[in-house]
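For the single chain, residues carry numbers from 1 onward in sequence order.
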Amino acid sequence: MGVRSLAAGRTKFTILTTKPADPENPTAAELNAGIQADPVIMKNDFLWGATDSEKIDEPTLRQKNKSNAIGEGNYEGGATFFRYWKAAGGADTGVDGEDLAFQAVKVKGTTLWGYARHTDKDADEPWEAGDEIYLGADFITDEPQRPSDMGGYTKWRVPFEIQTAYPWIAVSAAA
């Protein structure tokens, strides 16, 4: 019998600023070299997944009820990014800087690649060949939005427009 897993702390979200060699089959090396964004994204409004597909309404004359067919898939994305600062001032944008995720998404119209894992693994575990990716996609950033309540930590909401989605893929075993 299988074992259920609590969901908290299990969503890994990686942003790539460079297109993977094969976006539908990213390697662990490509993903682990990307920006690990999950530690700096607010959990309660993170959107990265499918929504209702388009409906095709073409009933026959004999049908007495609606019988839609399922058309193109739709996906939504967006996240609120916490900002991180150096003790001496200014954004923490060094090699391992915690503000790198926001720096990657802050310019409207930037094309990026995102991959999310939500399994029994903790989010801080590295990507490995065979890991299930519930959604990989290339996406375009919209203008960062100032939250209506600027209380708490400094943060900005960034909507994403998903362009090409790769649902339910796996990390490639290729080197």
Side-chain angles (χ1 to χ4, degrees), residues 1-32 34-38 41-81 101 104-123 125 127-145 147-148 156-174:
M1 179 190 280
V3 178
R4 291 187 294 180
S5 175
L6 292 174
R10 307 246 189 231
T11 302
K12 183 173 195 68
F13 184 63
T14 300
I15 296 172
L16 303 180
T17 58
T18 302
K19 183 178 181 177
D22 181 354
E24 196 167 1
N25 295 290
T27 66
E30 289 171 322
L31 293 170
N32 288 321
I35 298 169
Q36 304 310 312
D38 45 273
I41 290 176
M42 199 162 79
K43 182 188 336 188
N44 66 352
D45 71 348
F46 176 64
L47 290 175
W48 186 256
T51 63
D52 291 355
S53 296
E54 295 297 315
K55 308 297 186 277
I56 301 168
D57 182 17
E58 294 182 337
T60 67
L61 291 174
R62 286 190 178 189
Q63 286 179 285
K64 295 180 180 179
N65 59 296
K66 201 102 156 125
S67 59
N68 290 332
I70 302 296
E72 291 105 347
N74 289 314
Y75 296 87
E76 63 183 351
T80 298
F81 292 80
V105 301
K106 76 178 185 178
V107 176
K108 178 181 177 178
T110 301
T111 298
L112 301 165
W113 292 263
Y115 296 88
R117 175 182 79 199
H118 187 87
T119 65
D120 58 333
K121 288 182 151 183
D122 284 336
E125 292 184 46
W127 292 98
E128 295 179 320
D131 280 354
E132 179 181 88
I133 298 170
Y134 79 84
L135 181 63
D138 61 282
F139 65 99
I140 298 171
T141 59
D142 200 347
E143 194 70 50
Q145 301 169 357
S148 59
W156 291 87
R157 171 99 182 127
V158 181
F160 305 147
E161 285 298 322
I162 293 179
Q163 302 301 295
T164 304
Y166 310 105
W168 304 112
I169 60 176
V171 177
S172 174

D122/R10 under salt bridge (charged side-chain N to carboxylate O under 4.0 Å, His left out): CA gap, chis, key distance, verdict = CA-CA 5 Å; D122 284 336; R10 307 246 189 231; 2.8 Å; yes

Decide salt bridge (charged side-chain N to carboxylate O under 4.0 Å, His left out) for K121 and E128; before the verdict, give the C-alpha distance in whole Å, the side-chain angles of both, and the deciding distance to 0.1 Å.
-> CA-CA 11 Å; K121 288 182 151 183; E128 295 179 320; 2.8 Å; yes

Side chain to side chain contact (heavy atoms under 4.5 Å, CB included) between T17 and I35, intermediate numbers included = CA-CA 8 Å; T17 58; I35 298 169; 4.1 Å; yes

Could you please spell out the steps behind the salt bridge (charged side-chain N to carboxylate O under 4.0 Å, His left out) verdict for K66 and D57?
-> CA-CA 8 Å; K66 201 102 156 125; D57 182 17; 2.7 Å; yes

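Scanning all heavy atoms of the two residues, the minimum distance from S172 to A129 falls at O-CB, 3.8 Å. Summarising the geometry of G130 relative to A170, their closest heavy-atom pair is O-CB, 4.1 Å, with the distance given to 0.1 Å. In terms of heavy atoms, A137 sits closest to I162 at CB-CG2, 3.7 Å. Summarising the geometry of P26 relative to I169, their closest heavy-atom pair is CD-CD1, 4.0 Å, with the distance given to 0.1 Å. Considering all non-hydrogen atoms of both residues, A79 and I41 come closest at CB-CG2, 3.7 Å. Counting all heavy atoms, side chain and backbone alike, I56 lies closest to G71 at CD1-CA, 3.8 Å.
Contact check for I133 versus V171: side-chain heavy atoms found under the 4.5 Å cut-off. The closest side-chain heavy-atom distance from V158 to Q145 is not below 4.5 Å. Using a 4.5 Å cut-off on side-chain heavy atoms (C-beta onward), Q36 and K12 make contact. Taking the side chain as every heavy atom from C-beta outward, L135 and Y75 approach each other to under 4.5 Å. For the pair Y166/P23, a side-chain contact is recorded, criterion being any heavy-atom separation below 4.5 Å from C-beta on. Residues L16 and L31 meet the side-chain proximity criterion, which asks for heavy atoms closer than 4.5 Å. With contacts defined as side-chain heavy-atom distances shorter than 4.5 Å, the pair V107/T141 does not qualify.
For the residue pair W127/T14, the side-chain donor-acceptor check at 3.5 Å is satisfied. Side-chain polar atoms of T51 and E76 form no donor-acceptor pair below 3.5 angstrom.
Under a 3.5 Å cut-off, the side chain of E54 and the backbone N or O of I70 do not form any donor-acceptor pair. Checking side-chain atoms of K55 against main-chain N and O of S53 turns up a donor-acceptor pair under 3.5 Å.
For Q63, the CD atom counts as densely surrounded, since its 6.0 Å shell holds more than 12 non-hydrogen atoms of other residues, nucleotides or ligands.
Here D38 contributes atom CG and R117 contributes atom CZ; the two are 8.5 Å apart, rounded to the nearest 0.5 Å. To the nearest 0.5 Å, the span separating CD on E161 from CG on D142 amounts to 7.0 Å. Taking CD of E125 as the start and CG of D120 as the end, the distance is 8.0 Å to the nearest 0.5 Å. For the atom pair CZ of R157 and CE of M42, the computed distance is 8.0 Å after rounding to the nearest 0.5 Å. Atom CD of E132 sits about 7.0 Å away from atom OG1 of T119, to the nearest 0.5 Å.
Taking the six-membered ring where the residue is Trp, F160 and F13 present parallel rings, their angle staying beneath 30° rather than reaching 60°.
Checked against a 6.0 Å centroid threshold, the rings of W48 and F139 count as neighbours.
Pairs of residues two or more places apart, or lying in two chains, that qualify as side-chain hydrogen bond (donor to acceptor under 3.5 Å, both in side chains) and include a residue from residues 106-116 are Q103-K106.
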